[in-house]
A.B. asks: 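One structure is given below, represented as structure tokens, and several questions about it will come after.
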There are 2 protein chains.
Amino acid sequence: MAVTIRDVARRAHVSVATVSRALTSPELVRPETRSRVLAAAAELGYQPNRAARGLITGKTGNIGIVVPDLDNPFFTGVLKAVQARATQADYAVFVADSDEDPVAEAKLVHAMAKQVDGVVLCAPGLEDSQLHEVAGATSLVLLNRRLPGVPAAVMDSAGGMRAIVDHLVALGHRRIAYLNGPRTSWSNQERRRGLMTAVAENGVDLVDLGPFAPRYEGGLQAADLAVAAGPTAIVAYNDIMALGVLARLRDRGISVPLDVSVTGFDDLMYASLCSPALTTVAMPVAQAGRTAVNLLLDWLDSDHTEAPQVVAETQLVVRGTTTPPRR
Amino acid sequence: MAVTIRDVARRAHVSVATVSRALTSPELVRPETRSRVLAAAAELGYQPNRAARGLITGKTGNIGIVVPDLDNPFFTGVLKAVQARATQADYAVFVADSDEDPVAEAKLVHAMAKQVDGVVLCAPGLEDSQLHEVAGATSLVLLNRRLPGVPAAVMDSAGGMRAIVDHLVALGHRRIAYLNGPRTSWSNQERRRGLMTAVAENGVDLVDLGPFAPRYEGGLQAADLAVAAGPTAIVAYNDIMALGVLARLRDRGISVPLDVSVTGFDDLMYASLCSPALTTVAMPVAQAGRTAVNLLLDWLDSDHTEAPQVVAETQLVVRGTTTPPRR
DNA sequence: CTGAAAGCGCTAACAG
DNA sequence: CTGTTAGCGCTTTCAG
């Protein structure tokens with residue numbers, strides 16, 4: 001099999017204990033001995049067995065991330081950042097895809113628990129109580145979800161929604177349709193919360209539709225319902241739904257933005273590629289992913305007294321799907 | 001800490017060995033004893049420590065996947081399928097993102113090697129010799145890359161390219177520009193190979209441009225060069241580049257498909273959402289991902305005499321960016 | 001500063 | 001069928 005610590009010890013003419021120390025606590029060993037050990041390790045291409053190390057230290061050097069859908073660029077953006085930050089900190093990362101199933105979420109975290117030092121749970125659909133239970137299985141950091149006592153990295157979706165409404169109101173819109181994402185989704189609740197306050201403040205007429213699947217097909221379905229309600233602007237839960245809306249409206253010969261304005265949420269790369277380009281809100285996915293890992297790493301050697309919740313700012317990106325209403 | 005096999009043994013009034021057997025080789029233990037053990041395990045919420053098990057069995061129950069870019073939907077499509085199939089087979093999965101860097105690829109595989117039973121290496125940029133070296137570190141399965149002696153799941157890109165050329169020729173195109181992806185990319189070589197044979201067979205005039213970065217920006221850059229060469233059709237290395245080409249042509253007031261036809265490759269979801277919708281080749285990402293895992297699992301308990309290479313068929317998807325040339 | 005020895009949680013012979 | 005025993009590769013007392 002592979003080269004073990006004993007091979008290195010033999011080659012460096014020291015004991016395995018010294019090799020171990022040279023590798024993990026360099027200050028405990030004489031520089032001369034240490035360099036001899038390091039040389040031997042390098043020559044042999046020795047890589048410590050993390051599992052064995054973890055068995056005794058209780059730390060695995062791994063973290064996990066569970067996301068609702070790996071086909072959603074929003075989550076893969078987070079994943080990419082998590083992966084990068086973790087690698088940088090010399091951690092390896094487990095991924096799991098819950099397929100939007102809360103039960104699977106809990107199961108996956110539990111399955112990972114033994115092999116990781118902690119997990120980043122993205123936009124969980126679990127209820128608070130279940131989330132607390134899950135948090136008991138391993139060190140948990142939430143992403144886009146808040147729960148007292150659990151560290152979290154959240155993006156200011158509510159603020160983004162307020163920016164959208166302010167933008168539409170400034171353009172002259174007074175009747176707006178909102179296409180809800182999944183009711184259980186914390187993100188949808190946040191976005192809706194921002195929407196509600198902004199709508200109330202501006203005396204706007206709101207048509208509250210859905211929930212719809214947060215996918216292209218959901219947008220297709222939602223578009224017709226929205227149009228029937230006669231708003232001058234349609235605010236979708238996210239970009240993918242908005243792209244579905246755009247497609248459906250195009251098929252029906254309804255012009256965007258002349259007949260109706262449309263907004264998305266997330267600023268996926270593709271939001272800028274459709275025609276007209278989509279007005280949307282940019283989510284700081286990379287930043288949030290990085291933050292989540294930092295929170296987790298901090299949490300691992302903290303006294304767990306305070307669970308920080310870091311919020312990353314969103315930003316409205318005005319493009320071609322919003323203009324003043326016709327009449 | 002957590003509940004161990006000893007706790008279960010104590011509670012079931014048996015030895016740890018019996019617990020172990022009851023869990024891993026049920027047939028070796030009396031049904032009555034077994035159910036007692038299982039009950040105890042369930043009551044205690046016992047979860048075997050895979051790391052400890054792996055230390056002795058030599059199997060970890062984990063697999064790894066390394067991809068060039070987690071922001072590329074093509075790879076996340078593969079990842080999603082790999083994840084799903086692995087979970088189904090009771091394996092956990094490590095991900096790593098090499099950021100298109102061959103050196104990082106090798107490093108990441110080596111880093112994973114100790115913690116996994118094998119890894120799926122997607123579209124590696126490594127040279128054959130380095131790839132062989134990497135294959136020595138762990139059980140390797142390649143995705144979209146062939147190497148003698150190493151199992152691989154490949155998509156028939158060359159066939160897809162041939163389908164594109166045949167399609168364009170049928171429409172009447174006789175001068176075609178190809179926008180190369182990275183020169184080191186096996187995928188680009190495959191696509192180019194398919195293109196070359198089809199072009200030769202059809203007596204088509206080929207303008208070979210690039211290489212370009214396989215991204216939106218690469219397409220932006222490539223578009224102008226392509227137009228300058230005066231082809232009636234532009235064949236991009238992949239969808240993302242094609243979308244960049246589309247955007248650049250639109251900005252320059254060049255009509256697609258009236259002035260020039262454009263094709264992509266991959267059939268990302270967004271290929272159908274742009275306007276006009278992109279003619280492209282659908283890649284069986286999910287199927288290939290699943291196949292890769294199956295190959296890996298088979299490989300793990302095989303005699304390693306034959307390394308199968310499974311090819312999944314691509315499919316041309318004709319949409320709105322291709323029509324007969326003007327003149 | 002370094003070595004010997006005791007395990008971490010688990011499985012795999014080897015005896016009963 | 002079941003228990004005892006010996007480690008897997010590594011870190012960490014505890015003595016030198």
Side-chain angles (χ1 to χ4, degrees), chain A residues 1-38 40-41 44-62 90 92 111-117 138, chain B residues 1-38 40-41 44-62 90 92 110-117 137-138:
Chain A
M1 195 171 284
V3 30
T4 84
I5 199 172
R6 295 157 101 88
D7 301 316
V8 178
R10 198 149 29 220
R11 196 189 233 274
H13 302 294
V14 293
S15 71
V16 294
T18 300
V19 174
S20 174
R21 279 188 284 251
L23 263 28
T24 60
S25 323
E27 70 282 5
L28 292 184
V29 73
R30 190 153 45 106
E32 181 189 325
T33 317
R34 185 162 72 90
S35 56
R36 190 148 37 94
V37 170
L38 261 34
L44 263 35
Y46 171 71
Q47 293 275 126
N49 182 323
R50 292 185 128 173
R53 174 181 293 177
L55 205 48
I56 180 161
T57 61
K59 325 201 93 290
T60 61
N62 299 146
D90 204 31
M112 281 182 170
K114 286 298 209 295
Q115 301 195 85
V116 300
D117 295 336
T138 185
Chain B
M1 194 172 284
V3 31
T4 83
I5 198 173
R6 295 156 100 90
D7 300 317
V8 179
R10 199 151 27 220
R11 196 187 231 276
H13 302 293
V14 292
S15 71
V16 295
T18 301
V19 175
S20 175
R21 279 188 285 252
L23 264 28
T24 60
S25 324
E27 71 282 5
L28 293 184
V29 74
R30 188 152 48 105
E32 181 189 325
T33 317
R34 185 162 72 90
S35 56
R36 189 148 39 92
V37 171
L38 262 33
L44 263 36
Y46 170 72
Q47 292 275 126
N49 182 324
R50 293 186 126 176
R53 175 181 292 177
L55 206 49
I56 179 160
T57 60
K59 326 201 94 288
T60 62
N62 300 145
D90 205 32
H110 277 112
M112 281 182 169
K114 288 297 210 295
Q115 301 195 83
V116 301
D117 295 337
T138 185

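In what follows, every chain begins at residue 1, and chains take the letters A, B, ... in the order their sequences are listed. Values reported hereafter were calculated over all heavy atoms of this structure, with side chains retained and with hydrogens, waters and symmetry mates removed.
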A.B. asks: Test of understanding: with salt bridge (Lys or Arg N to Asp or Glu O under 4.0 Å), list the residues that count as partners of Glu27(A), not counting sequence neighbours.
C.D. replies: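 Scan of Glu27(A) (salt bridge (Lys or Arg N to Asp or Glu O under 4.0 Å), adjacent residues dropped) gives none.
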A.B. asks: Thr57(B) side chain N/O closer than 4.0 Å to the phosphate oxygens (OP1, OP2) of dA12(C)?
C.D. replies: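 The answer is no; no side-chain N or O of Thr57(B) sits under 4.0 Å from OP1 or OP2.
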A.B. asks: Please state how far atom CG in Leu55(B) lies from atom C1' in dG9(D), giving the value in whole angstrom units.
C.D. replies: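 Those two atoms, CG and C1', are 5 Å apart.
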A.B. asks: Whole Å only: how far is the CD1 atom of Ile56(B) from the C1' atom of dA13(C)?
C.D. replies: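 About 10 Å, once rounded to whole Å.
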A.B. asks: Where along residues 13-23 of chain A does a heavy atom fall under 4.0 Å from DNA chain C?
C.D. replies: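 Of all residues in residues 13-23 of chain A, the ones placing a heavy atom under 4.0 Å from DNA chain C are Val14(A), Ser15(A), Ala17(A), Thr18(A), Arg21(A).
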A.B. asks: To the nearest Å, give me how far apart CD (Glu32(A)) and C1' (dC1(C)) are.
C.D. replies: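 Distance, rounded to whole Å: 12 Å.
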A.B. asks: Could you tell me whether the side chain of Lys114(B) and the main chain of Gln47(A) form a donor-acceptor pair under 3.5 Å?
C.D. replies: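 Indeed, once roles are kept as given, a pair shorter than 3.5 Å links the two residues.
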A.B. asks: Between C1' on dG9(D) and CG on Asn49(A), what's the gap in Å once rounded to a whole number?
C.D. replies: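 The answer, rounded to whole Å, is 6 Å.
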A.B. asks: Phosphate oxygens OP1/OP2 of dC1(D): is one of them under 4.0 Å from a side-chain N or O of Arg30(B)?
C.D. replies: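 So the side chain of Arg30(B) is outside the cut-off, no N or O lying under 4.0 Å from OP1 or OP2 of dC1(D).
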A.B. asks: Can you measure Leu28(A) atom CG to dT11(D) atom P for me and round it to whole angstrom units?
C.D. replies: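 Value for this atom pair: 13 Å.
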A.B. asks: Please tell me which of the listed nucleotides, dC10(D), dT11(C), dG9(D), lies nearest to the side chain of Ile5(A)?
C.D. replies: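 Among the listed nucleotides, the one closest to the side chain of Ile5(A) is dC10(D).
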A.B. asks: Can you check the Arg53(A) CZ to dG9(C) C1' distance for me, whole Å?
C.D. replies: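 Rounding to the nearest Å, CZ of Arg53(A) and C1' of dG9(C) are 18 Å apart.
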A.B. asks: The criterion is side chain to side chain donor-acceptor pair (under 3.5 Å); which residues satisfy it with Arg11(B), sequence neighbours excluded?
C.D. replies: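 For Arg11(B) the side chain to side chain donor-acceptor pair (under 3.5 Å) partners, ignoring immediate neighbours, are Glu43(B).
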